[in-house]
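This report refers to the structure that appears directly beneath it.
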Amino acid sequence: MYKDSEFDVIVIGAGHAGCEAALATARLGLQTCLFAINLDTIAQMSCNPAIGGLAKGHLVREIDALGGEMARVADRAGIQFRILNRSKGPAVWSLRAQADRLLYKLAMREVLEEQENLVIKQALVDEVVVKDSKVQGVMTSLGVFYRARAVIVTTGTFLRGLIHIGLESFPAGRAGEFPAVNLSDSLKRLGLKMGRLKTGTPPRIDSKTIDFSRTAEQWGDDPPQPFSYSTESITNPQLPCYITYTNERTHRIILDNLDRSPLYSGRIKGIGPRYCPSIEDKVVRFSERPRHQVFLEPEGLQTKEFYANGISTSLPYDVQVRLVRSIPGLEEAEIMRPGYAIEYDFVYPTQLRHTLETKLVEGLFLAGQINGTSGYEEAAAQGLVAGVNAAMKLLGREPLILRRHEAYIGVLIDDLVTKGTTEPYRMFTSRAEYRLLLRHDNADMRLRERGYRIGLVSEEQYRAFRKKKETLELELRRLEKETVAPEKVNPVLESSNTTTVKEHISLVQLLRRPEISYDVIKSISPSPYAVEGELEKLVEIEVKYSGYIRRQIDLIEKMKRFENTRIPENFPYERIAGLSREVVSKLREVNPVTIAQASRIPGVTPAAITALMIALKKKKYLEREYTV
């Protein structure tokens, strides 16, 4: 065995989780090594070339607010930006950016290579070395040992990855790349319980062979809104996407060849994503639908390759050709890369703490698809949290634990470690109880201070945030205090088709009216402060939804007793009268930190929570409150 360098932190895997984890630990002053199986695929967008989307855009904004990198790189690589769900309330608005696949990974690699305290190595890690339940380092396939005080595993789909195209299958972590087989066995030997999941991709099409006249053109927003609070403007040329649809002929081709599908022939054992099914699944499960939408998305500015979003498939190549060519606009299409399904190992996430450190091995953290999630954004969010918490542990500082009312990241991690998952987990706005507080427009107001205290937000970024926050507070106070006379405001109210007034009325009362926008307020009484861009919308939302926001805050205050009441580690649940064996088993498995977390464990009833609180009170634990 050859012993090489020693590090504070080793990160295994250079996907979206690994990049954020490595940058976080290095920026916090720890000597970090990032291992990639292939340096040319660092930050590879394995599936669709896009960042954000419904609820996922919230995660990207939160990563940025905390000092992570994904948002800034997405802005550098973005070729189309759109706010989704504009027809609905602001709680569910979400930003999505089509990205240039090559630009994205080159931009992220540039950031990594310029980062102090960070070494990048190409190697296949075979083993996490542990002694006395504590991480010692890692061993590579070449027999080289690297010592580390903490290890973060972010392996994506590479753990015993197996690709399926029709009835053919072959080991790979991604098309054209080696899987990590020995590392999966190493984690199992440590005692971690593991399962098997599946995901997939659609075929990629040569745009020279697409008849775009038979599709609907879809452009992004003009001007495009950046992801990062630090980005002043988007400089890349912006491109359209195109929409087409499958049809009855497409569906017949699929149904006639299900016996050749690894999904339906029993070759694939892993569970696939419920909310992003393959086209085979969609045709079978939604047989009443005559068509399914297909988005043709450009892979980049300098390539003719298009991503056929909506027809993810693992059918044989010849069937994929016929399937694609049955779709309007794709009659003459040439497939540049076939679609495929991939199966991979994951670790059941209830074996993790909220810090994303494993309960079994001290200093071992897991982040990304290894925890059962699906998506770049979920992975990056976990990578950031795992990186920060590995650093906090080694530096002897308080961990970063975000609660459900503070961030979508908090919802994501709490769901994983409390409820677990048996299928690829995807973030949705519906998963957040307090989503009116967790809007994508106010992520910096919620988390920028936290990122600054951790040490990931620079002084320059923090000063810009403080100025924005002060301007918001000044403007909200002005709207409360300033009134306008009837003769000044009534002509505006009449033109806005809303009731006129007979007495002086405050600006905030006017803005609460559905018909009155902040632009109308500016026309009546311009602000003396620089309220521009996103800040205008933030002011309007804070005023119009103030009643609903107040109610959610009141609910959070009521829940604080449960959130702050700690349950001692390894509490003897079996001694509590009235708890069933099933409930005791679930509580022992998750080992919840608080009463609130215990109440969210599936199968733990309100009656069980009451019995638990009585038991804690008898032992005087309820008198001890703590703050995460």
Atom of Leu34, atom of Gly13 and distance for their closest heavy-atom approach: CD1-O, 3.4 Å

Would His58 and Thr429 count as having a side-chain donor-acceptor pair, cut-off 3.5 Å? no

Check: Val11 and Cys33 side chains under 4.5 Å, non-hydrogen atoms: no

Derivation of the side chain to side chain donor-acceptor pair (under 3.5 Å) call for Thr313 and Glu280: CA-CA 7 Å; Thr313 184; Glu280 298 99 287; 3.0 Å; yes

For the residue pair Glu297 and Asn309, confirm or rule out a side-chain donor-acceptor distance under 3.5 Å. yes

Would you name the heavy atoms of Ala598 and Leu587 that are closest together and state the gap between them? CB-CD2, 4.1 Å

Once you measure the plane-to-plane angle for His16 and Tyr376, does it fall in the parallel (<30°), tilted (30-60°) or perpendicular (>60°) bin? tilted

Pair Glu569 + Arg353, salt bridge at N-O below 4.0 Å: yes

Could you tell me if the side chain of Val129 sits less than 4.5 Å from the side chain of Val138, heavy atoms only? no

Judged by modelled atom types alone, do Asp345 and Ser184 share a side-chain donor-acceptor pair under 3.5 Å? yes

Hey, is Glu574 close enough to Arg581 for a salt bridge, meaning N to O under 4.0 Å? no

Given 3.5 Å as the limit, does a donor-acceptor pair link the side chain of Thr358 with the main chain of Val361, or not? yes

Any donor and acceptor pair, going by atom type alone, linking the side chain of Thr25 with main-chain N or O of Ala21 inside 3.5 Å? yes

Out of Glu62, Met427, Glu377, which one pairs with Ile409 under the side-chain contact (heavy atoms from CB on, under 4.5 Å) rule? Glu62

Would you please test Arg160 and Glu343 for salt bridge (charged side-chain N to carboxylate O under 4.0 Å, His left out) and show each step? CA-CA 8 Å; Arg160 290 203 310 124; Glu343 284 186 283; over 6 Å; no

Could you tell me whether Asp40 and Arg109 make a salt bridge, using a distance below 4.0 angstrom between a side-chain N and a carboxylate O? yes

So Arg196 and Leu162, do their side chains get closer than 4.5 Å, heavy atoms only? yes

Does Arg285 use its side chain to pair, donor to acceptor, with the backbone of Pro277 at less than 3.5 Å? no

From CZ (Arg260) to CZ (Arg267), nearest 0.5 Å: 12.5 Å

Work out which heavy atom in Met613 is nearest to a heavy atom in Ile595; give both atom names and the distance. CG-CD1, 3.7 Å

Test Ile152 against Ile12 for side chain to side chain contact (heavy atoms under 4.5 Å, CB included), laying out the working first. CA-CA 6 Å; Ile152 305 172; Ile12 304 173; over 6 Å; no

Which heavy atom in Leu28 sits nearest to a heavy atom in Val388, and how many Å separate them? CD1-CA, 4.3 Å

Would you say that more than 12 heavy atoms from the other residues, nucleotides or ligands in this model lie under 6.0 Å from the CD of Glu168, or not? no

Of Ile165, Leu323, Leu263, Ile253, the residue whose pairing with Leu315 passes side-chain contact (heavy atoms from CB on, under 4.5 Å): Leu323

Side chain Lys359, main chain Val590, donor-acceptor under 3.5 Å: yes

Between the side chains of Arg431 and Asp414, is the shortest nitrogen-to-carboxylate-oxygen separation below 4.0 Å, so that they form an ion pair? no

Taking Met139's backbone N and O only, do any of them form a donor-acceptor pair with Glu127's side chain (distance below 3.5 Å, no angle check)? no

Is any side-chain heavy atom of Leu412 closer than 4.5 Å to a side-chain heavy atom of Thr373? yes

Which is it for Asp8 and Arg147 under the salt bridge (charged side-chain N to carboxylate O under 4.0 Å, His left out) test, yes or no, and what are the steps along the way? CA-CA 8 Å; Asp8 293 313; Arg147 185 174 296 280; over 6 Å; no

Answer yes or no: is there a side-chain heavy-atom contact under 4.5 Å between Leu255 and Val284? yes

Regarding Glu563 and Arg404, does a basic nitrogen lie under 4.0 Å from an acidic carboxylate oxygen? no

Check Leu456 against Leu66 and note the closest heavy-atom contact, atom names and distance. CB-O, 3.4 Å

Evaluate side chain to side chain contact (heavy atoms under 4.5 Å, CB included) for Asp281 paired with Val283, printing each intermediate quantity in order. CA-CA 6 Å; Asp281 266 345; Val283 168; over 6 Å; no

Scan side-chain atoms only and decide if Arg174 and Ser46 contain a donor-acceptor pair under the 3.5 Å cut-off. yes

Under-4.0 Å salt bridge between Arg27 and Glu69: yes

Quick one: are Pro203 and Arg337 in side-chain contact, heavy atoms under 4.5 Å? no

Mind checking whether His251 and His292 have parallel, tilted or perpendicular rings, split at 30° and 60°? tilted

Under 3.5 Å, is there a donor on one side chain and an acceptor on the other for Gln369 and Thr157? no

Centroid-to-centroid, Phe158 to Phe178, below 6.0 Å? no

Checking Phe227 now: which residues fulfil ring pair (Phe, Tyr, Trp, His ring centres under 6.0 Å) with it, not counting sequence neighbours? none

Are any side-chain N or O atoms of Gln320 and backbone N or O atoms of Gly339, one a donor and one an acceptor, separated by less than 3.5 Å? yes

Check the side chains of Gln382 and Asn371 for a donor-acceptor pair under 3.5 angstrom, ignoring hydrogens and angles. yes

Any luck finding a side-chain donor-acceptor pair between Tyr264 and Asp259 under 3.5 Å? no

Quick check against the 3.5 Å criterion: does Ser314 have a side-chain atom that pairs as donor or acceptor with the backbone of Tyr340? no

Give a yes or no on whether a salt bridge exists between Glu378 and Arg426, defined as a side-chain N under 4.0 angstrom from a carboxylate O. no

Any side-chain heavy-atom pair from Leu190 and Leu364 closer than 4.5 angstrom? yes

Residues in side chain to side chain contact (heavy atoms under 4.5 Å, CB included) with Glu589, at least two apart? Thr350

One thing to verify: whether Glu406 and Arg446 come together as a salt bridge, which I'm taking to mean a side-chain N less than 4.0 angstrom from a carboxylate O. no

Are the side chains of Arg189 and Leu187 in contact, using a 4.5 Å heavy-atom criterion? no

Heavy-atom nearest pair, Pro592 first then Ile601, reads CG-CD1, 4.0 Å

Any donor-acceptor pair under 3.5 Å linking the side chain of Asn389 with the backbone of Thr355? yes

Expected output: side-chain Glu20 to main-chain Met70 donor-acceptor under 3.5 Å: yes

Could you go step by step and tell me if Leu112 and Cys19 meet the side chain to side chain contact (heavy atoms under 4.5 Å, CB included) rule? CA-CA 7 Å; Leu112 291 164; Cys19 291; 3.7 Å; yes

Using atom types as modelled and distance alone, determine if a side-chain donor or acceptor of Thr610 lies under 3.5 Å from a backbone N or O of Pro606. yes

Non-neighbouring partners of Tyr348 that pass ring pair (Phe, Tyr, Trp, His ring centres under 6.0 Å), sequence neighbours left out: Phe346

Can you confirm whether more than 12 heavy atoms, excluding those of Lys188, are under 6.0 Å from its NZ atom? yes

